[in-house]
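Quantities reported herein were computed from a predicted structural model and do not represent experimental measurements.
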Amino acid sequence: MLQLVRITDDSLADDIYREVTTAGLDFFNRDKQYLWAITYDGQIMGLVSLYNLSRTSADLGYWIKKTARRQGYAKQAVAQVVFLAAHDLGVQTIHAVVRRDNLASISVIRANDFELSLKMGAYCEYVLKLASKKAGK
């Protein structure tokens, strides 16, 4: 079963830390963030975070290690984080910026009801409005 494990400092398995930093991702240097390890059967499959948190909004980031991609981990992890954001953190809007050519990531975002908001060169911004979603709109 997929689980999210909250990370409260930079102490993460060395191999995952190395893989993430080699990919140029900045999961460990963000202020105002929640960071979770995505685990399955006790193994870390990736990371997911909410960052740039304000009273009503947050940005979403996620990463799946190469050997665990295309198995549904990102889709499930994003769904869990969306639920936590809405119910535990009171977030009303989540933003996600995705490369236009990253079809797998776009699929994850769209499967979790994010809508295209803005095209910015090689990137697109997607937005999920939780307040209207909770109200049944």
Side-chain angles (χ1 to χ4, degrees):
M1 178 176 175
L2 182 117
Q3 292 184 312
L4 299 182
V5 178
R6 177 92 192 273
I7 299 170
T8 55
D9 58 28
D10 291 353
S11 62
L12 190 61
D14 287 342
D15 58 335
I16 297 296
Y17 184 83
R18 208 171 12 260
E19 219 174 322
V20 169
T21 53
T22 299
L25 302 173
D26 65 347
F27 279 102
F28 309 105
N29 297 317
R30 294 178 172 159
D31 291 330
K32 298 181 183 174
Q33 83 161 335
Y34 285 83
L35 177 63
W36 295 271
I38 302 166
T39 66
Y40 186 82
D41 285 341
Q43 300 293 314
I44 296 174
M45 299 297 156
L47 302 172
V48 62
S49 72
L50 287 175
Y51 61 100
N52 291 336
L53 285 159
S54 72
R55 296 182 81 165
T56 60
S57 70
D59 294 334
L60 173 73
Y62 54 90
W63 170 85
I64 302 295
K65 67 182 188 175
K66 287 183 181 180
T67 58
R69 292 181 183 160
R70 300 196 182 272
Q71 298 178 44
Y73 297 122
K75 181 180 172 183
Q76 291 177 56
V78 168
Q80 287 184 29
V81 167
V82 164
F83 181 86
L84 291 169
H87 294 90
D88 295 348
L89 302 177
V91 171
Q92 296 172 7
T93 306
I94 301 176
H95 302 265
V97 175
V98 180
R99 285 191 57 88
R100 290 173 113 174
D101 61 356
N102 189 342
L103 300 180
S105 193
I106 290 169
S107 176
V108 166
I109 291 299
R110 295 190 70 152
N112 280 284
D113 299 326
F114 283 73
E115 295 181 8
L116 180 62
S117 171
L118 179 66
K119 293 181 180 180
M120 310 168 291
Y123 295 88
C124 291
E125 178 185 47
Y126 290 83
V127 175
L128 177 61
K129 302 277 187 188
L130 296 170
S132 61
K133 185 174 181 176
K134 284 172 62 178
K137 296 180 183 174

Just by modelled atom types, is the S105 backbone N or O under 3.5 Å from a matching donor or acceptor in the Y62 side chain?
yes
Can you tell if the side chain of L60 reaches within under 4.5 Å of the side chain of I109, non-hydrogen atoms only?
yes
Can you tell me how far CD of Q76 sits from CE of M45, rounded to the nearest 0.5 angstrom?
11.5 Å
State, to 0.1 Å, how close A77 and L2 come at their nearest heavy-atom pair, and which atoms those are.
N-CD2, 3.9 Å
Quick check: do V127 and I94 have side-chain heavy atoms less than 4.5 Å from each other?
no
Tightest non-hydrogen contact, residues I106 and R99, listed as CD1-O, 3.8 Å
Distance in Å, I38 CD1 paired with I64 CD1, rounded so as to fall on 0.5 Å steps:
3.5 Å
Does the K129 side chain pair with the main chain of E115, one donor and one acceptor, at a distance under 3.5 Å?
no
Treating Ile, Leu, Val, Met, Phe, Trp and Tyr as nodes and any side-chain heavy-atom pair under 4.5 angstrom as an edge, say whether V97 and L118 lie in one connected cluster.
yes
I need the minimum non-hydrogen distance between W36 and L84, along with the two atoms involved.
CZ2-CD1, 4.0 Å
Test your reading of the model: is there a side-chain donor-acceptor pair from T56 to the backbone of Q92, 3.5 Å cut-off?
no
Inspect the surroundings of CZ in R100 and state if more than 12 heavy atoms from other residues, nucleotides or ligands are less than 6.0 Å away.
yes
Between L128 and D113 the two heavy atoms that sit nearest each other are CD1-O, 3.3 Å
Please report the interatomic distance OH(Y123) to CG(N102), rounded to the nearest 0.5 Å.
10.0 Å
Looking at every non-hydrogen atom in both residues, tell me the closest pair between V78 and F114 and how far apart they are.
CG1-CE1, 4.2 Å
Can you tell me how far apart CZ (R69) and CH2 (W63) are? Round to the nearest 0.5 Å.
7.0 Å
Compare every heavy atom of C124 with every heavy atom of L116, then report the nearest pair and how far apart it is.
CD1-CB, 3.6 Å
At what distance, to the nearest 0.5 angstrom, does CG of L89 lie from OG of S57?
12.0 Å
